[in-house]
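Residue numbers start at 1 and run along the sequence shown.
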Amino acid sequence: MTVRPFASSGDLAAKEQTLEVLADGVYALTAEGDPNVGAIEGEDFLVCFEALATPAAARGWLAKLREHTDKPVKYLVLSHYHAVRVLGASAFDAEVIVAHDNTRALITERGKQDWDSEFGRMPRLFAEPESIPGLTWPTLTFSDRLTIPLGGDRGDLELRYCGRGHTEGDIVAWLPRNKILFAGDLVEAEAALYTGDAFHHDWSTSTLDTLASLKAEALVGGRGAVVHGREAVDAAIAQTRHFLATLIREVGTVHERGGTLKEAFQAAHAALVGTYGRWPIFEHCLPFDVTRLWDELSGIDRPVIWTTERDHDIWNQLQA
């Protein structure tokens, strides 16, 4: 029996980073399917979006950003609680760390387990893990919407909760003046979805409907290239919806007929691999995606906490 290298533990090649200036004072850093980050200039401050996995990794992003602006970071916005998005926060020296109310609760409930789990799954992203001072805690949370006035003629930045999706605490950053959306992991552009902590039915319907209604003209997803133009943004949202709908259909069919988790994984893999198999982290994500959806279909509303032991058990069951 041959088993694939666990999750992304065999992915050790460096990725090329690309910093794009999307509008005056609006920046995005992408890296060939690694987690994306961004920044928005206010009149005399910065809002940064996402923090990467370690302070050492974050300092690399900040060095590139400092080639364009020396404004201090006032707000650091965390789209959700996953370790690769938040544990680099201390490098930003932000006045305020913003997240959703549910994200704070999730950090309390499962932050340490998530840290251990993601470090094991994606070790390359954790540059100098000893630089992490501990769990990242938001200092400001909200339930529905938070508006940050950017000052001068820069308009407002709107932080919005659009419903349960990738987690139960995802938020997006919306610049209505520029029609630019930082969507976090609610939308990916040619990168596979991780749904191991997701609410598949909400995400694939009402949550994506809300994002689509913004009619963004540029979108920075959680991974993958920046998407430019209304048609391309709509296509990225549709691609995310299609992945979720296919997963729900295939796993749901096996679940309904009394099949096994392994059979559900095989059915989902067969249905998705032709379109999505070449995309970053597809093989890594799918066992965890199918397991979470199987639980959801079995009446387990909130995701079971991932631990290192559970990660390896599921991997050995499904990716053999």
Side-chain angles (χ1 to χ4, degrees), residues 4-11 34-35 50-58 76 78-90 97 99-139 141 164-171 184-186 192-200 202-203 222-223 261 265 281 283-319:
R4 296 178 184 273
F6 173 68
S8 291
S9 62
D11 177 11
D34 275 359
E50 310 287 38
L52 297 177
T54 69
L76 173 61
L78 307 176
S79 70
H80 61 286
Y81 77 97
H82 284 149
V84 294
R85 303 291 183 185
V86 304
L87 292 180
S90 63
I97 299 176
H100 191 265
D101 293 338
N102 291 342
T103 291
R104 170 177 273 282
L106 287 163
I107 294 168
T108 300
E109 178 188 49
R110 59 184 70 196
K112 184 60 171 70
Q113 294 96 321
D114 179 72
W115 178 353
D116 294 340
S117 168
E118 295 206 6
F119 179 69
R121 294 186 193 182
M122 296 172 277
R124 181 179 53 78
L125 299 183
F126 286 79
E128 299 179 33
E130 67 279 3
S131 67
I132 303 170
L135 290 173
T136 296
W137 294 97
T139 59
T141 64
R164 301 190 304 181
H166 174 71
T167 72
E168 59 191 304
D170 299 88
I171 59 175
D185 279 331
L186 288 173
L193 300 187
Y194 176 67
T195 74
D197 298 298
F199 296 81
H200 293 79
D202 290 5
W203 186 0
R223 294 173 181 261
L261 179 64
F265 173 77
I281 67 171
E283 296 292 353
H284 167 168
C285 292
L286 196 61
F288 308 114
D289 295 354
V290 170
T291 300
R292 165 55 189 154
L293 179 53
W294 188 266
D295 285 349
E296 207 172 359
L297 294 168
S298 301
I300 300 172
D301 181 56
R302 298 190 67 248
V304 178
I305 295 173
W306 291 103
T307 64
T308 302
E309 294 75 18
R310 185 171 180 242
D311 287 352
H312 283 273
D313 178 56
I314 291 300
W315 188 266
N316 291 334
Q317 283 186 55
L318 301 184
Q319 276 290 27

Open item on the list: Let's go through His82 and Asp185 carefully: what are the C-alpha distance in whole Å and the side-chain angles of both, what is the deciding distance for side chain to side chain donor-acceptor pair (under 3.5 Å) to 0.1 Å, and is it a yes or a no?
Closed with: CA-CA 10 Å; His82 284 149; Asp185 279 331; 5.0 Å; no
Task: Test side-chain contact (heavy atoms from CB on, under 4.5 Å) applied to Ser90 - qualifying residues, sequence neighbours left out - done: Pro55, Pro133
Open item on the list: If the condition is side-chain contact (heavy atoms from CB on, under 4.5 Å), which residues does Arg302 pass it with, not counting sequence neighbours?
Closed with: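 Arg302: side-chain contact (heavy atoms from CB on, under 4.5 Å) contacts with Leu106, Glu109, Arg110, Glu168.
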Open item on the list: Pair Thr195, Leu293 - check side-chain contact (heavy atoms from CB on, under 4.5 Å), show working.
Closed with: CA-CA 8 Å; Thr195 74; Leu293 179 53; 5.7 Å; no
For the side chain of [X] and the backbone of [Y], is there at least one donor-acceptor N/O pair under 3.5 Å apart?
X	Y	answer
Thr103	Gly169	yes
Trp315	Arg4	yes
Thr307	Gln113	no
Arg292	Ala198	yes
Arg104	Pro138	yes
Arg124	Asp11	yes
Glu296	His200	yes

With a 4.5 Å limit on heavy-atom distance, are the side chains of [X] and [Y] in contact?
X	Y	answer
Trp294	Ile300	no
Trp306	Glu118	no
Leu318	Phe288	no
Trp203	Leu186	yes

Once rounded to the nearest 0.5 Å, what's the spacing between atom [atom1] of [X] and atom [atom2] of [Y]?
X	Y	atom1	atom2	value
Ser9	His284	OG	NE2	9.0 Å
Leu125	Arg85	CG	CZ	9.5 Å
Tyr81	Asn102	OH	CG	11.5 Å
Asp34	Leu52	CG	CG	9.0 Å
Thr54	Leu87	OG1	CG	8.5 Å
Thr141	Ile107	OG1	CD1	10.0 Å

TODO: Give a yes-or-no answer on whether the side chains of Arg121 and Tyr194 include a donor-acceptor pair shorter than 3.5 Å.
DONE: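 Result is yes, a qualifying pair exists.
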Task: Test salt bridge (Lys or Arg N to Asp or Glu O under 4.0 Å) applied to Arg310 and Asp116, Asp295, Asp114, the passing residue - done: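 Among Asp116, Asp295, Asp114, the one meeting salt bridge (Lys or Arg N to Asp or Glu O under 4.0 Å) with Arg310 is Asp295.
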Task: Residue of the set Asp170, Asp197, Asp301 for which salt bridge (Lys or Arg N to Asp or Glu O under 4.0 Å) holds with Arg164 - done: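 The single option meeting the salt bridge (Lys or Arg N to Asp or Glu O under 4.0 Å) with Arg164 is Asp301.
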Task: Mutual orientation of the aromatic rings belonging to His312 and Phe6 [parallel < 30°, tilted 30-60°, perpendicular > 60°] - done: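 Parallel.
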Task: Steps toward side-chain contact (heavy atoms from CB on, under 4.5 Å) verdict (Thr136, Leu78) - done: CA-CA 10 Å; Thr136 296; Leu78 307 176; 3.8 Å; yes
TODO: Begin with the C-alpha distance, continue with both residues' side-chain angles, and end with the deciding distance and a verdict on side-chain contact (heavy atoms from CB on, under 4.5 Å) for Thr167 and His100.
DONE: CA-CA 11 Å; Thr167 72; His100 191 265; over 6 Å; no
Task: Heavy-atom pair of closest approach, residues Pro287 and Phe265 - done: N-CE1, 3.7 Å
Open item on the list: Please determine whether side-chain contact (heavy atoms from CB on, under 4.5 Å) holds for the pair Asp289 and Leu286, giving the CA-CA distance in whole Å, both sets of side-chain angles, and the decisive distance to 0.1 Å.
Closed with: CA-CA 5 Å; Asp289 295 354; Leu286 196 61; 4.2 Å; yes
